Amino acid sequence: MIKRVPTTPFADQKPGTSGLRKKVKVFQTANYLENFIQAVFDVIDDKQGASLIIGGDGRYFNRQAIQIAAKMAAANGFGRVVIGRAGLLSTPAASHIIRTQKALGGLILSASHNPGGPDEDFGIKYNTANGGPAPEGITDAIFHRSRGLDHYLTLDAPDIDLDRLGDQSLAGMTVSIIDPVAAYADLMESLFDFNAMRRLRDHGFCMTFDAMSAVTGPYAVEIFHRRLGFPASSVVNGEPLEDFGGHHPDPNLVHAHLLYERMMQPDAPDFGAASDGDGDRNLIIGRGRFVTPSDSLAILAANLHLAPGYASGLKGVARSMPTSAAVDRVAEALGIACYETPTGWKFFGSLLDAGRVTLCGEESAGAGSDHVREKDGVWAVLAWLNILAKRDLSVDGIVRDHWARFGRNYYARHDYEGVATADADALMTKLRASLATLPGRSVGALTVARADDFAYVDPVDGATSDRQGVRILFEGGSRLVFRLSGTGTVGATLRVYIEAYEPPTGRLDREVHDALAELILGAETLADIRKATGKSAPDVIT
Ligand code: G1P
Ligand code: ZN
């Protein structure tokens, strides 16, 4: 029976860079999740009889949230919901299923790489029929609708069985529980040369994949172990846990440091990789060589044609503004377009849909292609394996070869977390006010060529996004970028992106910190970070 439940609006349901992300305790507040879902359903048209995909990264509250979402979908007139068994779907797999099932859209339950558990984070976002995150027009409408809600619709019905494959009925709506892995693994097999990778394995190549006790475990076991034949022990932390074993499922050098330390040993496997909570990020480390995400994107751009799914070359590439310009140089050499977009995967969607780009990536460990409309961690790992299988070089060899051709973009991101929102806003306001005075100013041996607040006009639909972060561009290709995070759940996070370009003829083997020292000092001088944040050093450096 359909129930109309009276409710009052919450003021804070504005979706950020990747959906609505809050503490679990907030989502457990009476009507909180229900209000958001109703706001989503109210702004999307053509629900009657349509299909909706629902899946999550398995974190604490995932199962309860799915029960709530499924009942509300039935009460709001959907004809069918498709749910990954045990409530699991990696974000890229959800994107794929939305596309192949011709669904109206999907609800993805995840707080990505944020920690999970009763006192940690939860999140929800709506993806549209193209499989990608809803564009700003829709997320703004959802927020607007959430402010005016006075009821939501749900069902008085027993819970569905999330662990039984096949169809069930929920008040006339079909609920299909599907294997979360199979279709995705088939897609990967259609894009990459699995035989070449098996031969690599036969020649003694060893890999290790850290699933960080998050959603990619089952995907990794199926693909790396069952289909490619690597030993089962190649997948570590392969079982999804509600609290990710108490860790941050964030594949970077801080949270995946055990993998990093292992890979720096002389007897390390040839290749190490990891993915995050919901499976869209990737970390790539060769023996003795960490590959920065920005370099990884550039290397994929230069080599992806070695994979069968990309044999005809790339139509174009796109990177988020803070991502290093390494990929720009590859695009230039290939004679293809390179787009610079604001942070967040949703900006790539229209370029991918319009067929303008094949490959996209972000400095925050995200890369992906036009096979889905999300970044894709396991895809990036397979792309690297495919390249390694086709080139007679180690990871380190491929990276050095790349720098020797294109030069090296030394790169780091400094995060100042939990800063008082007013203080972070004040820092950005001051920086913005100083933009006109910056050109010509020197930072060590570097001279500012240009400074602006990044604004973007989507070349496909003309949508504009301004105030996307302060860029300070130096002569010779080095850069400083300042922006505030759109995904944090406590206070504000200031991100400072530091990039120093060294041409192929320059010094390619410096320590990153040394190569960036001058710019790091410059960032402090230009933005008074210590004074503004009250912090003497960044909380996280990646
Ligand atoms: C961060 C990353 C961004 C990524 C987003 C979602 O957003 O910087 O590249 O798209 O997470 O994974 P931010 O917190 O910086 O807004
Ligand atoms: Zn993620």
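First listed ligand is number 1; within each ligand, the first listed atom is number 1. Since we're looking at a predicted model, the values are computed, not measured.
- We find that E362 and R319 are not joined by a salt bridge, their nearest charged nitrogen and carboxylate oxygen being 4.0 Å or further apart.
- Of all the heavy atoms in R373 and P133, the pair that sits closest is O-CD, 3.5 Å.
- Here is the list of ligand 1 atoms found below 4.0 Å of a heavy atom in K375: 4 (C), 6 (C), 10 (O), 12 (O).
- Less than 4.0 angstrom separates some heavy atom of G344 from each of these atoms of ligand 1: 10 (O).
- Between the D280 side chain and the T91 main chain, no donor and acceptor come within less than 3.5 Å of each other.
- Short contacts between ligand 1 and R413, defined as distances under 4.0 Å to a heavy atom of the residue, involve ligand atoms 8 (O).
- The 12-atom threshold is not exceeded at CD of E239, counting heavy atoms of other residues, nucleotides or ligands nearer than 6.0 Å.
- Polar contact check, Y497 against ligand 1: no nitrogen or oxygen pair lies under 3.5 Å apart.
- Within the protein, the number of N, O or S atoms lying under 2.8 Å from the Zn ion (ligand 2) is 4.
- Atoms of ligand 1 lying under 4.0 Å from at least one heavy atom of R495, given by number and element, are 8 (O), 13 (P), 14 (O), 15 (O).
- For ligand 1 and G486, the ligand atoms under 4.0 Å from any heavy atom of the residue are 13 (P), 14 (O), 16 (O).
- Of all the heavy atoms of S364, the ones lying under 4.0 Å from any atom of ligand 1 belong exclusively to the side chain.
- Within a 6.0 Å radius of CZ in F482, other residues, nucleotides and ligands contribute more than 12 heavy atoms.
- At least one N/O-N/O distance between R483 and ligand 1 falls below 3.5 Å.
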Self-check item: Full working for side-chain hydrogen bond (donor to acceptor under 3.5 Å, both in side chains) between Y310 and N386
Solution: CA-CA 11 Å; Y310 307 91; N386 195 138; over 6 Å; no
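- Just one of H257, H113, H255 meets the ring-ring contact (aromatic ring centres under 6.0 Å, His included) condition when paired with H248; it is H255.
- Residues that satisfy the side chain to side chain contact (heavy atoms under 4.5 Å, CB included) test with D186, not counting sequence neighbours, are R227.
- When each atom of ligand 1 is checked for a heavy atom of E363 under 4.0 Å away, the hits are 8 (O).
- Counting heavy atoms from C-beta on, the side chains of H513 and I541 never come closer than 4.5 Å.
- For atom 4 (C) of ligand 1, the closest non-hydrogen atom on the protein side is E362 OE1, 3.4 Å.
- Taking all atoms of both residues into account, the shortest heavy-atom contact from V395 to G286 is CB-CA, 3.5 Å.
- In E374, neither the side chain nor the backbone holds a heavy atom less than 4.0 Å from any atom of ligand 1.
- Here the protein heavy atom with the shortest distance to atom 5 (C) of ligand 1 is R281 NH2, 3.9 Å.
- Geometrically, R329 engages Y501 in a cation-pi contact defined by less than 6.0 Å to the ring centre and at most 45° from the axis.
- The backbone N or O of S90 lies less than 3.5 Å from a partner atom in the side chain of Y219, making a donor-acceptor pair.
- Here is the list of ligand 1 atoms found below 4.0 Å of a heavy atom in S18: 6 (C).
- Under the 4.5 Å side-chain criterion, counting only non-hydrogen atoms from C-beta, I124 is in contact with L109.
- Taking every heavy atom of T343 and a limit of under 4.0 angstrom, the matching atoms of ligand 1 come to 3 (C), 8 (O), 9 (O).
- For atom 7 (O) of ligand 1, the closest non-hydrogen atom on the protein side is T487 CG2, 3.6 Å.
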